[in-house]
Amino acid sequence: MKDDAFDSLYRQWYRTLVAKAFLVTGGGLNAAEDAVQEAFIQCWRRMHDPGKPHVRFWGGWLSTTVVREALRRRVPDLPFDLGCHDSAVVEPDLAVEVQLKDVYGRVCAAMAGLQERPRQAMALRCIAGLSAAEVAEEMGITQSTVRVHLADARRALEPLRDELRQLGIVDEEGGRHG
């Protein structure tokens, strides 16, 4: 039963998680795929360990784990190549795919250009969906410092606000989506 549940999670979340990790790494496909694979390894181990607490929503748990792993694996100044990233949609409308690929490319390049701490705060808060308190704990800083890093990231990404909304990274108010 657990193996069927794991296979289902993998099929449901793999492409979405690679897209998130690709964004966090600023276009590092190998690092993104490695982060996703590591998250699924941790997921499998956790599902098969009766001593671990129950996970209510595996999608959120996997997203958070993938973002953490992607941040660990990010290579600074990696050349960005969107052409190597596979679309997360099965058979999209060609015009929509081209538009989203362009948007995704601009957002990935902008994320890659952020300073380390603002990018880490943005990834944990807006992509992994952690609360400000959880981001502060994860980064070993205060919540007010998290807010400063998020403000820096948002200021740098402001020209891409519409694109960030289109990808579902921020909502109408500019906060995290979801």
Side-chain angles (χ1 to χ4, degrees), residues 13-40 59-89 92 96-132 134-141 143 145-178:
W13 287 98
Y14 179 79
R15 287 181 180 267
T16 300
L17 294 171
V18 169
K20 287 182 178 194
F22 190 72
L23 183 61
V24 172
T25 62
L29 182 60
N30 290 337
E33 289 175 334
D34 288 349
V36 171
Q37 291 304 316
E38 178 59 32
F40 276 110
W61 186 92
L62 284 165
S63 290
T64 300
T65 303
V66 162
V67 168
R68 286 180 181 139
E69 290 298 324
L71 287 168
R72 266 188 349 95
R73 286 171 165 72
R74 185 181 178 283
V75 178
D77 303 322
L78 181 72
F80 176 73
D81 180 13
L82 185 61
C84 66
H85 182 60
D86 190 16
S87 173
V89 182
V96 171
E97 182 176 359
V98 169
Q99 180 186 16
L100 283 176
K101 199 170 199 179
D102 182 51
V103 167
Y104 195 65
R106 288 195 308 273
V107 172
C108 281
M111 284 289 288
L114 291 176
Q115 292 181 357
E116 186 68 27
R117 299 300 269 180
R119 183 183 53 258
Q120 186 178 13
M122 179 66 87
L124 291 168
R125 178 78 171 122
C126 298
I127 299 172
L130 298 180
S131 69
E134 291 168 324
V135 172
E137 184 178 330
E138 179 82 17
M139 294 178 68
I141 58 178
Q143 287 186 51
T145 304
V146 167
R147 286 190 292 276
V148 168
H149 288 315
L150 288 172
D152 290 346
R154 286 185 179 120
R155 194 171 22 262
L157 297 173
E158 179 62 31
L160 298 172
R161 178 179 293 275
D162 290 337
E163 285 89 344
L164 291 167
R165 266 193 221 108
Q166 187 176 1
L167 290 174
I169 296 170
V170 297
D171 59 24
E172 294 301 316
E173 289 77 41
R176 74 184 175 122
H177 181 67

Nearest heavy atoms of C108 and F22, plus distance in Å:
SG-CD2, 3.8 Å
Correct closest heavy-atom pair for S63 and A128 would be O-CB, 4.1 Å
Closest non-hydrogen contact found for A123 with V24 is CB-CG2, 3.8 Å
Between R119 and E116 (salt bridge meaning N to carboxylate O under 4.0 Å), is one present in this structure?
yes
Grab the two heavy atoms, one from A121 and one from V135, that are nearest each other, plus how far apart they are.
CA-CG1, 4.2 Å
Please report the closest heavy-atom contact between R154 and C126, naming both atoms and the distance.
NH2-SG, 4.1 Å
Are V66 and W13 side-chain neighbours, meaning at least one heavy-atom pair lies under 4.5 Å?
no
Spacing of L124 atom CG and E137 atom CD [to the nearest 0.5 Å]:
11.5 Å
Does the side chain of L114 come within less than 4.5 Å of L157's, by heavy atoms?
yes
Partners meeting salt bridge (charged side-chain N to carboxylate O under 4.0 Å, His left out) with R147 (sequence neighbours left out)
none
Taking the side chain as C-beta and beyond, is there a heavy-atom pair between I141 and H149 under 4.5 Å?
yes
Least distance between heavy atoms, I127 atom then K20 atom:
O-NZ, 3.5 Å
